[in-house]
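We're numbering straight along the sequence, starting at 1. Keep in mind that the numbers below use all heavy atoms, side chains included, and drop hydrogens, waters and symmetry copies.
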Amino acid sequence: MHVLVLGGTTEARRLAELLVAALPEGDRVTSSLAGRVASPRLPPGEVRVGGFGGADGLAAWLRTHQVDALIDATHPFAGTISFNAAAAAATAHVPLLALRRPGWVPGSGDDWHPVGSLAEAARTLPALGRRVFLTTGRMGLAAFAELDGLWFLMRSVDAPEPPRPARMEVLLERGPFSLDGERELIRRHRIDVLVTKDSGGAATAPKLAAAREAGIPVIVVRRPPVPEGVAVAGTPDLALAWLRGGTGAQPSG
């Protein structure tokens with residue numbers, strides 16, 4: 001058996017570890033990374049870096065490398081690759097599973113403002129605060145570049161490139177983050193509004209608790225849907241169960 005994992009997430013690395021340990025000798029596990037992070041944490045097994053050339057290129061790769069199962073364990077907001085994976089799997093007749101960590105759910109005391117895009121987040125911001133903790137990643141900064149009246153604290157793994165807000169301080173950090181650390185960051189920088197994507201998971205969730213404690217609003221960008229009809233598992237263990245022919249997954253849509 002040859003399993004291709006579209007990775008780059010904590011769940012993808014954990015899944016690769018489970019697969020390498022569980023599959024019989026001679027079976028292959030290949031993790032594919034997009035190459036957008038300069039020094040990624042490499043999973044066990046075989047690793048390839050870079051794109052496939054769209055859905056057709058991925059379908060050709062699946063055939064050429066005799067892939068028996070495809071698991072899309074990319075970031076919940078990596079929408080393009082997920083739809084390419086669905087199209088490629090259908091073309092190559094390869095079973096496909098989407099591994100998606102559950103999204104965050106607001107609790108008592110949260111002041112959340114859900115939006116559908118980064119552009120909508122930028123339009124919503126001026127009415128909510130002036131000192132922004134921006135945790136949506138470095139790829140979408142153009143949406144906020146014209147907000148000259150606001151100050152931004154932006155956190156990402158790698159340094160961002162223009163276009164970007166003129167008044168911005170950058171923190172180059174990789175999670176997981178602690179609640180005490182997030183409290184101190186909000187206090188020290190006098191943050192009065194948080195912007196985040198609904199990435200889910202525990203590694204970056206403490207910022208939500210810190211925002212709740214500080215009484216500041218949170219703009220939450222909703223995640224894009226999994227392609228309709230694709231089976232979805234919420235954890236690497238459930239993905240492994242799916243691969244072994246068990247349940248562990250639910251259809252999307």
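In this structure, Arg164 and Val170 have side chains that are in contact, with non-hydrogen atoms separated by less than 4.5 Å. Looking at heavy atoms from C-beta onward, Leu147 lies out of side-chain contact with Pro165 at the 4.5 angstrom threshold. Taking 4.5 Å as the limit, every side-chain heavy atom of Thr204 sits out of range of all side-chain heavy atoms of Pro176. No side-chain heavy atom of Arg14 sits less than 4.5 Å from a side-chain heavy atom of Thr10. Side-chain atoms of Val94 and Leu96, non-hydrogen and from C-beta on, never get closer than 4.5 Å to each other. Between Leu243 and Met1 the shortest side-chain heavy-atom distance falls below 4.5 Å.
Residue Met154 holds its CE atom at 8.5 Å from CG of Leu172, rounded to the nearest 0.5 Å. In this structure, Leu6 CG and Ser82 OG are separated by 8.0 Å, a value rounded to the nearest 0.5 Å. Here the CG-OG1 distance, from Asp198 to Thr196, works out to 8.0 Å after rounding to the nearest 0.5 Å. Put simply, NZ on Lys197 and OG on Ser117 are 10.5 Å apart, with the number rounded to the nearest 0.5 Å. Atom CG of Leu70 is separated from atom CG of Leu97 by 9.0 Å, given to the nearest 0.5 angstrom. Separation of atoms CG (Leu134) and CZ (Phe144) is listed at 5.0 Å; rounding is to 0.5 Å.
Checking side-chain atoms of Arg100 against main-chain N and O of Ala73 turns up no donor-acceptor pair under 3.5 Å.
One finds no salt bridge joining Arg212 and Asp111 here, because no Lys/Arg side-chain nitrogen approaches an Asp/Glu carboxylate oxygen to under 4.0 Å. Using a cut-off of 4.0 Å between Lys/Arg side-chain N and Asp/Glu carboxylate O, Lys207 and Glu182 are scored as not salt-bridged. Note on Arg183 versus Glu213: salt bridge recorded, some NZ/NE/NH1/NH2 to OD/OE distance being below 4.0 Å. Using a 4.0 Å cut-off between a side-chain N of Lys or Arg and a carboxylate O of Asp or Glu, Glu184 and Arg187 qualify as a salt bridge.
Side-chain contact of Asp237 with Thr235: a donor-acceptor pair under 3.5 Å is absent, judged by distance alone. With no hydrogens or angles considered, a side-chain donor-acceptor pair links His2 and Thr30 at under 3.5 Å.
When all heavy atoms of Ala209 and Leu179 are compared, the closest pair comes out as CB-CD1, 3.8 Å. Shown here for Ala88 and Ala55, the closest heavy-atom pair between the two residues is CB-O, 3.4 Å. Of all the heavy atoms in Gly129 and Asp192, the pair that sits closest is CA-OD1, 3.5 Å. The minimum heavy-atom distance linking Ala86 with Val230 is given by the pair CB-CG2, 4.1 Å. The two atoms that bring Gly7 and Leu33 nearest to each other are C-CD2, 4.0 Å, heavy atoms only. Counting all heavy atoms, side chain and backbone alike, Ala98 lies closest to Val226 at CB-CG1, 3.9 Å.
Judged by the 6.0 Å and 45° rule, Arg48 forms a cation-pi pair with Phe52.
Within 6.0 Å of CG in Asp27 there are more than 12 heavy atoms belonging to other residues, nucleotides or ligands.
In the hydrophobic clustering (ILVMFWY side chains linked at under 4.5 Å, chained through shared members), Ile216 is joined by Trp104, Trp112, Phe133, Trp151, Leu153, Leu171, Leu185, Ile186, Ile191, Leu194, Leu208, Val218, Val220.
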Apply the test side-chain contact (heavy atoms from CB on, under 4.5 Å) to residues Arg28 and Leu4: give CA-CA distance (whole Å), side-chain angles for both, the deciding distance (0.1 Å), then the verdict.
CA-CA 8 Å; Arg28 298 173 60 195; Leu4 175 62; over 6 Å; no

Test side-chain contact (heavy atoms from CB on, under 4.5 Å) on Arg101 and Thr9 and set out the steps.
CA-CA 10 Å; Arg101 68 186 77 147; Thr9 60; 3.7 Å; yes

With side-chain contact (heavy atoms from CB on, under 4.5 Å) as the test, would you mind laying out the steps for Asp68 and Val3 before giving the verdict? CA-CA 6 Å; Asp68 299 290; Val3 181; over 6 Å; no

I'd like to know whether Val195 forms a side-chain contact (heavy atoms from CB on, under 4.5 Å) with Phe152, so could you lay out the CA-CA distance, the side-chain angles of the two residues, the decisive distance to 0.1 Å, and finally the verdict. CA-CA 10 Å; Val195 184; Phe152 290 85; over 6 Å; no

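Phe77 and His75 have tilted rings, their planes meeting at an angle from 30° to 60° on a 0 to 90° scale.
Placement of Leu23 and Leu99 within a single hydrophobic cluster is found when ILVMFWY residues are connected by side-chain heavy-atom separations under 4.5 Å, directly or transitively. Cluster membership check: Val157 does not share its hydrophobic cluster with Phe177, using side-chain heavy-atom separations under 4.5 Å among Ile, Leu, Val, Met, Phe, Trp and Tyr.
Considering only residues two or more places apart in sequence or on other chains, Thr91 meets the side-chain contact (heavy atoms from CB on, under 4.5 Å) condition with Ala59, Arg63.
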